[in-house]
Peer 1: 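Take a look at this one; I'll ask things after.
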Amino acid sequence: MKRYDFVLLDADNTLFDFDRAEHEALKKAMTERGYPFTPETEAVYLTINRALWAQFDRGEADQKWLTVERFRRLDATLGGQNDPEAFNQDYLTYLGEGAFLLPGAEAFCQTLYEEGCTLALATNGVARVQHARMEASPLAPYFPHLFISEELGAQKPQPAFFQPMLAALGVPDKARCLMVGDNLNSDIKGGVDAGLDTAWFNPHGLPNATHIRPTYTVAGYDQLLSVIFP
């Protein structure tokens, strides 16, 4: 017996190994422009990028702007004169090729699908990247629904992201719908504010230093399955 019939899943670092894809894509884009790709130069980019995405999650920055701005700042920091728009486009192309899954993600999604759960991807990622990775991955048959902030015109955790998603899925009872993700601010707060039960995907055992309280905290897919099928 299922506790949840609808399972909304974040993409990056919930199903897909975004850290690996990001590393590989950045390496290609930077090397092509003659930059040394070292732990130090990668850390410069990560610091810039994470700060900008945190602004986006808070509704303080536009996605199209930030994806170019990160490379303008990186290029300026490293002393280059590259076109940040082209830098970003190359990076996004390589990122879309990085359809690396976290260990166990495919088996987890297959189990949910075969047990009759409706799966939906709920992500703040760049649309062309998320579509490319999903289409290139073995998860595609299990996900008839992809909800991407760039296409919805709103991002997690905003209600304007969750409300049209739940309406499109035809969720009859929010108590039968679970939001799963690794980000407390976008995934879990968004789910809580939408009136959904939430599962914080936390395989690294990170502390929760926020006021946000997920319904469940899970260390992996097996534990998540035990939540969905009690």
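What you are looking at is a predicted structure, and each value in this text was computed from that prediction instead of being measured. In what follows, every heavy atom counts, from backbone to side chain, and hydrogens, waters and symmetry copies are set aside.
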Peer 1: Looking only at the side chains, is there a donor atom on one of Arg33 and Gln81 sitting less than 3.5 Å from an acceptor on the other?
Peer 2: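 On atom types as modelled, these side chains do not qualify, holding no pair under 3.5 Å.
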Peer 1: Looking at side-chain heavy atoms only, is the closest gap between Cys117 and Lys2 below 4.5 Å?
Peer 2: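 The answer is yes; the side chains approach within 4.5 Å.
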Peer 1: Could you tell me whether the side chain of Ser137 and the main chain of Met134 form a donor-acceptor pair under 3.5 Å?
Peer 2: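 Side chain of Ser137 to backbone of Met134: a pair is present.
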Peer 1: Of all the heavy-atom pairs spanning Gly59 and Gln155, show the shortest one and how long it is.
Peer 2: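 Nearest heavy atoms, Gly59 then Gln155: CA-NE2, 3.5 Å.
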Peer 1: Kindly indicate whether the side chain of Thr210, heavy atoms from C-beta on, has any atom under 4.5 Å from the side chain of Ile188.
Peer 2: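 Heavy-atom side-chain distance check fails, nothing below 4.5 Å.
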Peer 1: Under 4.0 Å between a side-chain nitrogen and a carboxylate oxygen: does that hold for Arg133 and Asp17?
Peer 2: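 Not counted as a salt bridge, because no side-chain N and carboxylate O are separated by less than 4.0 Å.
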Peer 1: Does the side chain of Asp197 come within less than 4.5 Å of Met179's, by heavy atoms?
Peer 2: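 No; the side chains remain at least 4.5 Å from each other.
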Peer 1: Please give me the minimum heavy-atom distance between Leu196 and Phe162, naming the atom from each residue.
Peer 2: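 Taking every non-hydrogen atom into account, CD1-CD2, 4.3 Å.
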Peer 1: Among Arg70, Glu22, His23, exactly one meets side-chain contact (heavy atoms from CB on, under 4.5 Å) together with Leu46. Which residue is that?
Peer 2: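 Testing each of Arg70, Glu22, His23 against Leu46, the sole residue satisfying side-chain contact (heavy atoms from CB on, under 4.5 Å) is Glu22.
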Peer 1: Group every Ile, Leu, Val, Met, Phe, Trp and Tyr by side-chain heavy-atom contacts under 4.5 Å, then state whether Leu101 and Leu225 land in the same group.
Peer 2: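 The answer is yes; both residues are in one hydrophobic cluster.
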Peer 1: Which of these passes side-chain contact (heavy atoms from CB on, under 4.5 Å) with Leu15: Val180, Asp10, Leu139?
Peer 2: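 Result: among Val180, Asp10, Leu139, Leu139 is the only option passing the side-chain contact (heavy atoms from CB on, under 4.5 Å) with Leu15.
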Peer 1: Should Val126 and Ile48 be regarded as members of a common hydrophobic cluster, given that ILVMFWY residues are connected when their side-chain heavy atoms come within less than 4.5 Å of each other, either directly or indirectly?
Peer 2: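 Yes: a chain of side-chain contacts under 4.5 Å links Val126 to Ile48.
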Peer 1: Nearest 0.5 angstrom please: Leu121 CG to Tyr142 OH, how far?
Peer 2: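 Between atom CG of Leu121 and atom OH of Tyr142 there are 15.0 Å.
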Peer 1: Where do Pro159 and Pro164 come nearest, in terms of heavy atoms and distance?
Peer 2: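 That closest heavy-atom pairing would be O-CD, 4.1 Å.
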Peer 1: Does Tyr113 OH have over 12 foreign heavy atoms under 6.0 Å away?
Peer 2: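 No - once you tally the heavy atoms of other residues, nucleotides and ligands closer than 6.0 Å, there are 12 at most.
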Peer 1: Check this for me: Asp222, atom CG, are more than 12 non-hydrogen atoms of other residues, nucleotides or ligands nearer than 6.0 Å?
Peer 2: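 Counting other residues, nucleotides and ligands, CG of Asp222 stays at 12 neighbours or fewer.
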Peer 1: With distance as the sole test, does Thr14 use its side chain to make a donor-acceptor pair with the main-chain N or O of Gly181 at under 3.5 Å?
Peer 2: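 It does not hold such a pair.
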Peer 1: For Thr123 and Ile148, indicate whether the former's side chain and the latter's backbone hold a donor-acceptor pair under 3.5 Å.
Peer 2: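 Side chain of Thr123 to backbone of Ile148, a donor-acceptor pair under 3.5 Å: no, none is there.
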Peer 1: Looking only at heavy atoms, which two atoms of Met30 and Leu78 are closest? And how far apart?
Peer 2: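 Looking at all heavy atoms of both residues, the shortest contact is CE-CD1, 3.8 Å.
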Peer 1: Working to the nearest 0.5 Å, report the span between CZ of Arg72 and OG1 of Thr67.
Peer 2: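 Arg72 atom CZ to Thr67 atom OG1 measures 13.0 Å (nearest 0.5 Å).
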Peer 1: Check this for me, if you would: do Arg176 and Asp173 make a salt bridge, where the nitrogen-to-carboxylate-oxygen distance has to be below 4.0 angstrom?
Peer 2: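 No salt bridge links Arg176 with Asp173.
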Peer 1: Between Lys64 and Glu150, is there a donor-acceptor pair closer than 3.5 Å when you use the side chain of the first and the backbone of the second?
Peer 2: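 Flag not set: sc Lys64 to bb Glu150 has no pair under 3.5 Å.
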Peer 1: From Met165 CE over to Leu169 CG, what is the distance, rounded to the nearest 0.5 angstrom?
Peer 2: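 Rounded to the nearest 0.5 Å, the CE-CG separation comes to 7.0 Å.
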Peer 1: Does some side-chain heavy atom of Asp62 sit less than 4.5 Å from a side-chain heavy atom of Phe56?
Peer 2: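 With C-beta onward as the side chain, the pair stays apart.
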Peer 1: Quick check against the 3.5 Å criterion: does Glu135 have a side-chain atom that pairs as donor or acceptor with the backbone of Gln130?
Peer 2: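 No: the side chain of Glu135 does not pair with the backbone of Gln130.
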Peer 1: Any chance the side chains of Glu85 and Gln89 put a donor and an acceptor closer than 3.5 Å?
Peer 2: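 Their side chains do contain a donor-acceptor pair, which is all the 3.5 Å distance test asks for.
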Peer 1: Would you mind reporting whether Glu42 and Thr38 have side-chain heavy atoms less than 4.5 Å apart?
Peer 2: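 A side-chain contact is absent here, since even the closest heavy-atom pair is not under 4.5 Å.
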Peer 1: Going through the distances and angles, do Asp57 and Trp53 end up as a side chain to side chain donor-acceptor pair (under 3.5 Å)?
Peer 2: CA-CA 6 Å; Asp57 288 343; Trp53 277 104; over 6 Å; no
Peer 1: Considering non-hydrogen atoms only, spot the tightest contact between Gly98 and Ala21 and give its length.
Peer 2: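 Where Gly98 meets Ala21 most closely, the heavy atoms are O-CB, 3.5 Å.
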Peer 1: Strictly by modelled atom types, are Asn202 and Asp182 linked by a side-chain donor-acceptor pair under 3.5 Å?
Peer 2: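 Short answer, no.
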Peer 1: List the steps, then state whether side-chain contact (heavy atoms from CB on, under 4.5 Å) holds for Ser149 with Gln63.
Peer 2: CA-CA 9 Å; Ser149 59; Gln63 186 182 83; 3.5 Å; yes
Peer 1: With the 4.5 Å side-chain cut-off for hydrophobic clustering, are Leu9 and Leu102 part of the same group?
Peer 2: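 Linked within one cluster.
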Peer 1: Above 12 or not: heavy atoms from other molecules or residues under 6.0 Å from NZ of Lys27?
Peer 2: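 No - once you tally the heavy atoms of other residues, nucleotides and ligands closer than 6.0 Å, there are 12 at most.
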Peer 1: Could you see if Tyr45 belongs to whatever hydrophobic cluster contains Val68? Use Ile, Leu, Val, Met, Phe, Trp, Tyr and a side-chain cutoff under 4.5 Å.
Peer 2: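 Looking at the clustering, Val68 is in a separate group from Tyr45.
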Peer 1: Counting only heavy atoms not in Arg20, do more than 12 fall under 6.0 Å of its CZ?
Peer 2: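 No.
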Peer 1: For Ala122 versus Lys156, what's the shortest heavy-atom pair and its separation?
Peer 2: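 Scanning both residues completely, I find the closest heavy atoms to be O-NZ, 2.8 Å.
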Peer 1: So, Lys28 and Asp90, do they make that salt bridge, N to O below 4.0 Å?
Peer 2: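 So Lys28 does not pair with Asp90 through a salt bridge.
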Peer 1: Pair Leu224, Ile228 - check side-chain contact (heavy atoms from CB on, under 4.5 Å), show working.
Peer 2: CA-CA 6 Å; Leu224 190 50; Ile228 297 169; 4.2 Å; yes
Peer 1: Taking the side chain as every heavy atom from C-beta outward, state whether Leu8 and Leu178 have any pair of such atoms under 4.5 Å apart.
Peer 2: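 No, every pair of side-chain atoms sits at 4.5 Å or beyond.
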Peer 1: State, with a plain yes or no, whether a side-chain heavy atom of Asn88 is found less than 4.5 Å away from one of Leu92.
Peer 2: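 Side-chain contact under 4.5 Å: yes.
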Peer 1: Which label fits Phe147 and His145: parallel for a plane angle under 30°, tilted from 30 to 60°, or perpendicular past 60°?
Peer 2: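 Answer is parallel, since the angle falls under 30°.
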Peer 1: Which pairs count as ring-ring contact (aromatic ring centres under 6.0 Å, His included) when at least one residue sits in residues 182-225, sequence neighbours excluded?
Peer 2: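 Qualifying pairs, neighbours excluded: Phe108-Tyr221, Phe201-Tyr221.
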Peer 1: Short question: side chain of Asp187, backbone of Asn183 - any donor-acceptor pair under 3.5 Å?
Peer 2: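 Yes, because the side chain of Asp187 sits within donor-acceptor range (under 3.5 Å) of the backbone of Asn183.
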Peer 1: Before giving the answer on side-chain contact (heavy atoms from CB on, under 4.5 Å), spell out for Leu52 and Trp65 the whole-Å C-alpha distance, their side-chain angles and the decisive distance to 0.1 Å.
Peer 2: CA-CA 10 Å; Leu52 288 170; Trp65 172 81; 3.8 Å; yes
Peer 1: Let's go through Leu66 and Gln55 carefully: what are the C-alpha distance in whole Å and the side-chain angles of both, what is the deciding distance for side-chain contact (heavy atoms from CB on, under 4.5 Å) to 0.1 Å, and is it a yes or a no?
Peer 2: CA-CA 9 Å; Leu66 82 83; Gln55 285 184 252; over 6 Å; no
Peer 1: Given 3.5 Å as the limit, does a donor-acceptor pair link the side chain of Asp83 with the main chain of Phe87, or not?
Peer 2: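 A pair under 3.5 Å: no.
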Peer 1: Going hydrophobic residue to hydrophobic residue with side-chain gaps under 4.5 angstrom, can you get from Val171 over to Leu119?
Peer 2: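 No, it is not one cluster - the side chains of Val171 and Leu119 are not joined through contacts under 4.5 Å.
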Peer 1: Aromatic ring centroids of Phe16 and Phe100 under 6.0 Å?
Peer 2: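 Not under 6.0 Å, so no.
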Peer 1: Given 3.5 Å as the limit, does a donor-acceptor pair link the side chain of Ser186 with the main chain of Pro157, or not?
Peer 2: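 Looks like no, no N/O pair under 3.5 Å.
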Peer 1: For a 4.5 angstrom cut-off between non-hydrogen side-chain atoms, does Val44 reach Glu40?
Peer 2: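 The answer is no; the side chains never approach within 4.5 Å.
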Peer 1: Take Gln110 and Glu114, measure what side chain to side chain donor-acceptor pair (under 3.5 Å) needs, and give me the verdict at the end.
Peer 2: CA-CA 6 Å; Gln110 182 178 2; Glu114 291 178 348; 3.0 Å; yes
